[in-house]
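Lettering of chains follows the sequences in order, A, B, ..., and the numbering in each one begins at 1.
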2 protein chains.
Amino acid sequence: MPTEGISVASDSVATDTPKRPRRRRGSINADDILDAAFSLAAETSLDSLTMPSLAAHLKVGVTSIYWYFRSKEYLLDAMTDRALERYSIGIPFISAASWDRSLREHARTMRRLFREDPVLCDLVIMRTTTYGASSNQVVMERFEAVLTTLIEVGFRPKDALDIYFSLAMHTRGLAMLERRQDMDREAGIQTPEMVDRDKLPTLTKLMKQGHTIGFVEEDTFEYGLDCFIEHAQKTLQKTQQAAITRRERRKK
Amino acid sequence: MPTEGISVASDSVATDTPKRPRRRRGSINADDILDAAFSLAAETSLDSLTMPSLAAHLKVGVTSIYWYFRSKEYLLDAMTDRALERYSIGIPFISAASWDRSLREHARTMRRLFREDPVLCDLVIMRTTTYGASSNQVVMERFEAVLTTLIEVGFRPKDALDIYFSLAMHTRGLAMLERRQDMDREAGIQTPEMVDRDKLPTLTKLMKQGHTIGFVEEDTFEYGLDCFIEHAQKTLQKTQQAAITRRERRKK
DNA sequence: ACCTGAACACCGTTCAAGT
DNA sequence: ACCTGAACACCGTTCAAGT
């Protein structure tokens with residue numbers, strides 16, 4: 001009496017589909033699923049992460065995932081949350097002593113982390129609306145720390161908010177653009193030819209000089225940083241000057 | 001001999017599906033399809049524009065669309081092209097006399113057009129990589145005109161590129177964020193509560209003062225414009241000063 | 001409590017026709 | 001030359017079971 005015969009319908013005939021055995025209870029959990037989702041997305045891309053492919057990667061029935069995440073959206077939310085947290089931790093704090101230099105370094109690190117990890121990029125940039133409106137405690141605490149330092153340096157709260165928001169958006173916007181470019185390049189799409197070069201003398205000339213029209217150049221990121229940081233420095237000077245004037249007027 | 005009986009299988013029984021009659025040849029064309037696609041997307045959203053829904057809107061068989069656009073991607077490309085062209089035309093040129101003021105107005109119009117038209121926003125921001133790398137002649141000519149004017153004003157070509165690129169990205173990045181916020185709001189998602197307010201004293205205080213942490217405020221856009229335009233003004237001064245110095249040195 | 005396959009609605013696309 | 005339905009592969013999700 002062969003006990004192997006218990007299984008449902010895999011009879012004597014050559015089973016072309018190897019018929020994965022049923023997993024025992026507790027053999028998967030939410031964290032395993034997230035791990036698998038990240039590793040699979042890293043292998044291919046976030047776009048090609050589907051519930052069936054994830055299930056196959058995990059060697060689980062597709063529907064099993066639904067016991068841990070009620071929909072794909074919830075799964076992606078959980079992935080975003082994890083990605084956002086690890087990303088935040090990797091970004092340095094601001095020092096009050098040299099706020100401008102360290103704010104620059106802060107932004108550069110943000111940029112580097114995005115560029116290094118396409119999945120992070122897709123999750124954070126394509127899915128989250130804003131930098132600060134996260135329900136993630138770690139992200140908020142980092143944000144809080146930066147703002148507090150800037151205010152401590154002497155910025156008015158509103159200015160600190162504007163500065164940080166602009167910087168973050170510049171970084172994210174650029175990362176998004178570069179991510180798209182990479183994707184296009186992978187897909188084999190090349191720069192479209194200009195239809196009528198005769199009408200575009202300036203652009204044609206610039207391209208001959210080696211400029212990649214419409215594409216992100218290496219120093220574009222730093223250019224934006226310059227704009228924001230220099231403006232911030234000027235704002236700080238004004239604010240401090242105003243404070244001094246106010247104090248002196250009170251003396252009299 | 002009833003000639004009506006020719007049709008395939010719509011017999012005597014109450015046809016619950018009204019069985020749209022076959023369209024005659026030449027009754028649709030690429031432009032009609034694009035019109036319908038835009039009107040349908042405007043009614044709902046670009047995301048919910050599917051080939052079946054578009055066909056129904058046009059009262060055509062789904063596969064008929066494929067005679068004019070070989071895939072949905074090609075259809076979206078055509079839509080993007082049209083949207084981009086109309087959008088470009090709506091944006092004012094730069095005047096050399098008051099380049100800073102008109103560059104500001106230029107960016108403000110870009111922003112307004114995006115905000116007014118969610119479909120344009122989704123097509124242009126979510127689908128195109130960069131501002132200048134378009135194969136669209138009109139878009140390129142506008143870009144050319146702005147650059148030419150800035151160079152005429154006295155900017156070095158590279159500076160003109162950086163300025164315009166930064167400005168465009170700021171505008172697009174903000175438009176994207178605001179678009180997402182609107183979508184979230186429509187979907188009934190509210191600002192997530194901060195998990196542990198005790199650890200976020202600065203943020204809590206700012207929120208009490210009416211700041212919407214992490215969300216775009218009305219003047220954020222103008223703040224970025226200030227940064228970029230002021231930086232540009234300074235750059236121009238330096239460039240012109242350098243040119244004067246060079247000329248005077250040559251005199252001696 | 002956890003895992004599963006069958007089944008459903010829906011989408012993009014192909015193909016072999018009809019007119 | 002243009003329009004069409006049947007059919008396919010694939011996806012996200014539900015449900016009624018299995019263990």
Report the residues that fulfil ring pair (Phe, Tyr, Trp, His ring centres under 6.0 Å) with [X], sequence neighbours left out, ordered by chain and then residue number.
X: Phe221(B); value: His170(B)
X: Phe38(B); value: none
X: Phe69(A); value: none

Taking atom CD of Glu218(B) as the centre, report whether more than 12 heavy atoms of other residues, nucleotides or ligands fall under 6.0 Å from it.
no
side-chain hydrogen bond (donor to acceptor under 3.5 Å, both in side chains) filter on Glu73(A), not counting sequence neighbours, yields Arg127(A)
Mind checking what makes side-chain hydrogen bond (donor to acceptor under 3.5 Å, both in side chains) contact with Thr109(B), not counting sequence neighbours?
none
Do Arg70(A) and Tyr74(A) meet the cation-pi criteria used here (NZ or CZ under 6.0 Å from the six-membered ring centre, within 45° of the axis)?
yes
Non-neighbouring partners of Glu144(B) that pass side-chain contact (heavy atoms from CB on, under 4.5 Å), sequence neighbours left out:
Leu200(A), Pro201(A), Thr202(A), Leu203(A), Thr148(B)
Apply side-chain contact (heavy atoms from CB on, under 4.5 Å) to Arg86(B) and list each qualifying residue two or more places apart in sequence or on a separate chain.
Arg82(B)
Nearest whole angstrom, please: distance from the [atom2] of [N] to the [atom1] of [X].
X: Lys59(A); N: dT4(C); atom1: NZ; atom2: P; answer: 13 Å
X: Arg25(B); N: dG18(C); atom1: CZ; atom2: P; answer: 16 Å
X: Arg22(B); N: dT4(D); atom1: CZ; atom2: C1'; answer: 5 Å

Within residues 60-74 of chain A, those residues having any heavy atom closer than 4.0 Å to DNA chain C are Val60(A), Gly61(A), Thr63(A), Ser64(A), Trp67(A), Tyr68(A)
Give me each pair satisfying side-chain hydrogen bond (donor to acceptor under 3.5 Å, both in side chains) with a member in residues 39-59 of chain B, each pair once, sequence neighbours excluded.
Ser39(B)-His57(B), Thr44(B)-Ser48(B), Ser45(B)-Ser48(B), Thr50(B)-Ser53(B)
For DNA chain D, which residues in residues 31-57 of chain A have a heavy atom at a distance below 4.0 Å?
Thr50(A), Met51(A), Pro52(A)
Examine dG5(D): is either OP1 or OP2 under 4.0 Å from a nitrogen or oxygen in the side chain of Arg20(B)? Give yes or no.
yes
Side-chain donor/acceptor contact of Arg23(A) with base of dC3(C) under 3.5 Å
no
Dot-bracket for DNA chain C, 5' to 3', with Watson-Crick and G-U pairs under 3.5 Å, [ ] for crossing pairs and | for other-strand pairs: what is it?
||.|||||...|||||.||
Test salt bridge (charged side-chain N to carboxylate O under 4.0 Å, His left out) applied to Arg22(B) - qualifying residues, sequence neighbours left out:
none
